Amino acid sequence: SHAFTVTTLDLLAQIYKKQGRLDEAEKVLEPLVVTSTKSLGPEHPRTLSARNNLASLYSITSRRDKTEQLLKENYEIVLSNLGATHSQTLSYMYNLGTIYSLLSRYEEAEEIYLDLIEQGSEAWGDDQRSVMDARLQLARDYRERGLIDLSIETIRNNLEVDWQVDGVDQGQMDSSRELLRLALMRRSESLVLAERYDDALDVLSEIRELSPDRKQAESLVGLLVYLD
């Protein structure tokens with residue numbers, strides 16, 4: 001059947017991609033998206049999958065304008081067919097946001113992430129995967145924009161959810177803790193420059209608990225005690 005053929009070729013392209021044979025993957029995926037759209041329809045799950053995988057390939061090869069176009073098509077299709085709060089819609093919404101983040105179109109990305117967090121949390125709860133991923137990426141973007149307080153607040157929200165749920169995703173928590181550590185480092189640097197050593201010491205004490213390099217963190221605390 002057409003669906004079986006599309007599935008097989010899509011898997012072949014993913015094998016090429018994992019092997020680093022990107023040109024070969026592209027030669028499979030580009031005509032596959034066209035063929036699947038014609039034979040199965042643009043809304044078929046196999047067409048959506050092929051289009052999403054081609055978008056991922058374009059992103060890897062820095063053709064993010066094409067990535068954005070494909071992800072927008074997928075998002076608009078699932079939004080129309082499944083509704084704003086369906087888990088698949090939220091997933092494609094997140095994917096689109098990450099492209100805007102990569103393009104440094106932070107305000108557009110922020111709008112998407114905030115909408116996703118609101119809609120996803122209401123429908124599925126704060127610990128829904130796309131909601132957690134969106135909050136994590138939003139915190140990264142805030143840090144890149146120099147909005148350190150917003151970054152810290154956002155990532156602490158994620159950690160609070162992590163601590164409250166059963167079966168916590170350890171990788172997700174580790175990423176959140178590392179991002180919080182980096183944001184706190186930025187805050188401590190600004191406090192030192194402002195000669196607010198007591199405040200910087202409080203921040204560094206928190207960093208010490210998060211840091212994988214406890215000795216380095218403890219030496220920073222010691223330096224601030226000396227300066228104070």
Side-chain angles (χ1 to χ4, degrees), residues 6-7 9-11 13-18 22 25-26 28-30 32-34 36-37 40-145 151 154-155 157-158 161 169 171-172 175-176 179:
V6 170
T7 300
L9 291 173
D10 197 9
L11 289 173
Q14 295 317 298
I15 292 172
Y16 285 153
K17 178 182 169 185
K18 289 181 179 179
L22 302 183
E26 183 175 326
V28 173
L29 281 172
E30 284 188 333
L32 180 62
V33 169
V34 175
S36 183
T37 300
L40 300 176
E43 302 175 359
H44 193 280
R46 298 317 315 168
T47 304
L48 292 171
S49 175
R51 193 184 291 116
N52 193 64
N53 288 331
L54 180 58
S56 175
L57 184 64
Y58 283 151
S59 179
I60 292 172
T61 53
S62 299
R63 285 172 288 176
R64 290 170 182 154
D65 54 338
K66 290 188 174 182
T67 303
E68 179 187 356
Q69 178 185 346
L70 291 171
L71 291 179
K72 268 187 173 180
E73 290 175 11
N74 269 9
Y75 170 62
E76 289 168 359
I77 287 171
V78 295
L79 176 63
S80 176
N81 290 347
L82 302 176
T85 59
H86 192 279
S87 59
Q88 191 172 2
T89 305
L90 297 176
S91 178
Y92 281 120
M93 193 176 185
Y94 172 75
N95 290 343
L96 182 58
T98 60
I99 291 301
Y100 291 146
S101 295
L102 288 170
L103 294 171
S104 299
R105 291 161 58 179
Y106 294 124
E107 291 183 359
E108 293 171 87
E110 180 182 13
E111 182 178 354
I112 287 177
Y113 296 140
L114 289 176
D115 285 346
L116 191 164
I117 292 166
E118 180 181 359
Q119 295 169 11
S121 296
E122 289 180 359
W124 299 93
D126 286 334
D127 60 335
Q128 200 271 349
R129 183 55 186 262
S130 293
V131 172
M132 299 285 285
D133 288 343
R135 203 181 285 116
L136 189 64
Q137 186 59 52
L138 180 59
R140 290 193 185 101
D141 287 358
Y142 282 147
R143 183 167 60 88
E144 289 298 317
R145 297 164 66 184
S151 179
T154 303
I155 204 60
N157 288 340
N158 241 24
V161 173
D169 184 331
Q172 176 82 251
S175 295
S176 296
L179 183 56

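Computed over heavy atoms, backbone and side chain alike; hydrogens, waters and symmetry mates excluded. Just so we're clear, the structure is a prediction, and the values are computed from it rather than from any experiment.
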Of all the heavy-atom pairs spanning [X] and [Y], show the shortest one and how long it is.
X: Ser121; Y: Asp126; value: OG-OD1, 3.0 Å
X: Ala84; Y: Thr89; value: O-CG2, 3.9 Å
X: Glu110; Y: Leu138; value: CG-CD1, 3.9 Å
X: Gly125; Y: Val131; value: O-CG2, 4.3 Å
X: Ala109; Y: Tyr100; value: CB-CB, 3.8 Å
X: Leu136; Y: Ser175; value: CD2-CB, 4.0 Å

Under a 3.5 Å cutoff, is there a donor and acceptor pairing between the side chains of [X] and [Y]?
X: Tyr58; Y: Glu68; result: no
X: Tyr16; Y: Glu26; result: no
X: Ser59; Y: Lys66; result: no
X: Gln137; Y: Asp141; result: yes
X: Thr7; Y: Arg46; result: yes

What distance do Ile99 atom CD1 and Gln69 atom CD have between them, rounded to the nearest 0.5 Å?
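Reported to 0.5 Å precision, the distance equals 12.5 Å.
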How many angstroms lie between atom CG of Asn74 and atom CD of Glu43, to the nearest 0.5 angstrom?
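Result: 11.0 Å between the selected atoms.
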Determine whether a donor-acceptor pair (N or O, by modelled atom type, separation under 3.5 Å) exists between the side chain of [X] and the backbone of [Y].
X: Thr47; Y: Gly41; answer: yes
X: Thr67; Y: Ala55; answer: yes
X: Thr85; Y: Gly120; answer: no
X: Asn53; Y: Ser49; answer: yes

Is there a side-chain contact between [X] and [Y] (heavy atoms, below 4.5 Å)?
X: Leu22; Y: Thr61; answer: yes
X: Leu29; Y: Gln14; answer: yes
X: Thr98; Y: Tyr113; answer: yes
X: Pro42; Y: Glu73; answer: no
X: Val161; Y: Arg135; answer: yes
X: Lys17; Y: Ser56; answer: yes
X: Arg51; Y: Thr37; answer: yes
X: Glu30; Y: Leu54; answer: yes

Let me know which of Leu79, Ile77, Leu71 forms a side-chain contact (heavy atoms from CB on, under 4.5 Å) with Tyr75.
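One option only clears the test, and that one is Leu79.
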Does atom CD of Glu108 have more than 12 heavy-atom neighbours, drawn from other residues, nucleotides or ligands, at distances under 6.0 Å?
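Enclosed.
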Would you sort out whether Leu90 and His86 count as a side-chain contact (heavy atoms from CB on, under 4.5 Å), showing the intermediate values?
CA-CA 6 Å; Leu90 297 176; His86 192 279; over 6 Å; no
Check the pair Gln88, Leu48 against side-chain contact (heavy atoms from CB on, under 4.5 Å), reporting the backbone distance first and the verdict last.
CA-CA 11 Å; Gln88 191 172 2; Leu48 292 171; 4.0 Å; yes
Please test Ser101 against Arg140 for side-chain contact (heavy atoms from CB on, under 4.5 Å), starting from the C-alpha separation and ending with a verdict.
CA-CA 9 Å; Ser101 295; Arg140 290 193 185 101; over 6 Å; no
